[in-house]
Amino acid sequence: MQNPEPKEQILPTLYLEMDSSDDSSQERAAEIVFFDLETTVPNRAGQRFWVLEFGAIVVCPRKLVELESYSTLIRPGDLSAVALRSGRSDGITREVVAGAPGFEEVADQIFSILNGRVWAGHNIQRFDCVRIKEAFAEIGRAAPVPVGMIDSLGVLTEKFGRRAGNMKMATLATYFGLGQQKHRSLDDVRMNLEVLKHCATVLFLESSLPSVLSGKWNDSTTITTRSRSNGKLMCREESSRKSPTTSLGYQRSVPYARGGLGKMTERVKNLLCKAREKPALNNILKHSHSLLR
């Protein structure tokens with residue numbers, strides 16, 4: 001009767017080991033990877049996109065902390081497609097990517113950080129995801145596959161709206177005072193996360209006090225502006241430039257009856273004409289403004 005005892009001790013151990021493996025797999029699947037690509041921009045028919053830079057951060061969805069990051073410049077197959085100069089101070093130029101690794105040299109790292117995780121980014125569904133698939137197909141490899149996707153462009157358009165003006169990342173970042181978008185992959189994904197945090201906070205506050213906060217942002221009679229004071233971001237609402245409406249029952253006192261302005265003007269004209277003929281009226285003309293008081 002003592003023989004079954006070892007089995008009872010082993011089974012829980014095996015169960016815990018399997019459970020630990022499942023937890024590890026589930027934890028990876030729950031992690032969110034924000035990523036961004038910088039590419040060439042075709043300027044004529046027949047040209048293609050070339051990936052010039054890849055950047056990504058892995059984020060814990062429960063704490064919104066960055067767990068790891070990876071970024072790399074990528075040398076395109078056609079260097080002539082890259083501009084010799086960039087309009088941005090830290091932009092990507094032909095010289096910058098000339099010595100960078102080709103996509104096939106960094107494909108393993110990109111696959112590792114993307115595959116089996118939730119993908120997140122701004123407009124990734126229509127752009128970045130397509131470029132990733134193209135790049136892996138070109139080297140004859142299967143592309144990484146996400147377990148879910150969060151496209152902040154679609155999410156924020158639906159939930160946050162166009163209160164910042166438009167849905168460009170640069171506009172949203174400026175709206176929250178997060179600085180200028182650098183258009184470098186790793187900087188942009190970190191900015192994307194910060195924009196989402198700010199938008200989520202605003203939406204949380206609005207949902208907490210819907211009767212007070214909801215609808216205030218899109219009120220056409222107010223203009224929301226920002227100013228900085230002692231390094232702190234301050235907001236104020238300026239009233240519309242329209243003149244305030246006059247309250248009912250209130251009339252502004254005027255020095256003449258309604259409709260009498262023409263008569264008053266005629267009387268002044270007559271006085272001026274007589275003044276030219278009668279010097280005695282000079283004193284009256286010197287103080288003619290008193291007639292209008």
Side-chain angles (χ1 to χ4, degrees), residues 20-41 48-77 82 90-92 96-156 169 172-173 178 181-197 199-200:
S20 175
S21 176
D22 289 345
D23 285 347
S24 177
S25 177
Q26 291 176 1
E27 184 177 353
R28 177 181 174 86
E31 291 172 347
I32 302 174
V33 54
F34 284 80
F35 74 99
D36 177 67
L37 301 177
E38 293 299 320
T39 70
T40 59
V41 179
R48 53 163 289 178
F49 289 95
W50 289 99
V51 177
L52 301 179
E53 188 177 42
F54 173 88
I57 58 172
V58 178
V59 175
C60 171
R62 291 182 293 277
K63 298 181 180 180
L64 297 181
V65 294
E66 185 177 318
L67 303 176
E68 63 176 293
S69 65
Y70 174 73
S71 67
T72 180
L73 289 166
I74 299 172
R75 184 184 69 253
V82 188
D90 55 354
I92 300 174
V96 169
V97 296
F103 186 83
E104 65 277 3
E105 299 175 68
V106 296
D108 285 340
Q109 293 94 320
I110 293 176
F111 186 93
S112 176
I113 201 168
L114 290 179
N115 194 54
R117 286 190 167 109
V118 176
W119 292 5
H122 205 65
N123 197 31
I124 59 171
Q125 194 165 5
R126 291 192 300 177
F127 186 80
D128 302 78
C129 294
V130 177
R131 305 286 87 81
I132 285 290
K133 290 180 180 179
E134 290 174 349
F136 273 93
E138 188 174 21
I139 63 173
R141 290 188 52 175
V145 178
V147 296
M149 191 175 301
I150 303 170
D151 192 322
S152 57
L153 176 61
V155 172
L156 295 182
M169 182 55 59
L172 291 165
L178 298 176
Q181 184 181 10
K182 294 184 177 180
H183 293 282
R184 295 300 298 267
S185 295
L186 199 56
D187 291 319
D188 285 1
V189 292
R190 285 173 174 151
M191 175 174 279
N192 194 349
L193 177 59
E194 291 305 311
V195 165
L196 278 175
K197 288 179 182 179
C199 290

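Here ring-ring contact (aromatic ring centres under 6.0 Å, His included) pairs that include residues 50-76, with residues two or more places apart or in two chains, number zero. Identified under the ring-ring contact (aromatic ring centres under 6.0 Å, His included) test for residues 111-153, with sequence neighbours left out: F35-W119, F49-F127, F103-F136.
Judged as a side-chain contact (heavy atoms from CB on, under 4.5 Å), and not counting sequence neighbours, the contacts of V155 are I150, K159. Qualifying side chain to side chain donor-acceptor pair (under 3.5 Å) partners for K197, counting only residues two or more places apart in sequence or in other chains: E194. For V41, the side-chain contact (heavy atoms from CB on, under 4.5 Å) test picks out no residue, with sequence neighbours left out. With sequence neighbours left out, E104 forms a side-chain contact (heavy atoms from CB on, under 4.5 Å) with I139.
In this structure, the side chains of I132 and I110 come closer than 4.5 Å at one or more pairs of heavy atoms. In this structure, the side chains of S152 and V195 stay at 4.5 Å or more apart for every pair of heavy atoms.
Distance alone, capped at 3.5 Å, places no donor-acceptor pair between the E138 side chain and the A135 backbone. Counting only distance, with no hydrogens or angles, the side chain of D36 and the backbone of G55 share no donor-acceptor pair below 3.5 Å. No donor-acceptor pair closer than 3.5 Å links the side chain of E38 to the backbone N or O of E53.
Annotation: Q109, atom CD; neighbour count of heavy atoms from other residues, nucleotides and ligands within 6.0 Å is above 12.
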Discussion item. Does R117 form a salt bridge (Lys or Arg N to Asp or Glu O under 4.0 Å) with E68? I'd like the steps, not just the answer.
Written reply: CA-CA 13 Å; R117 286 190 167 109; E68 63 176 293; 3.5 Å; yes
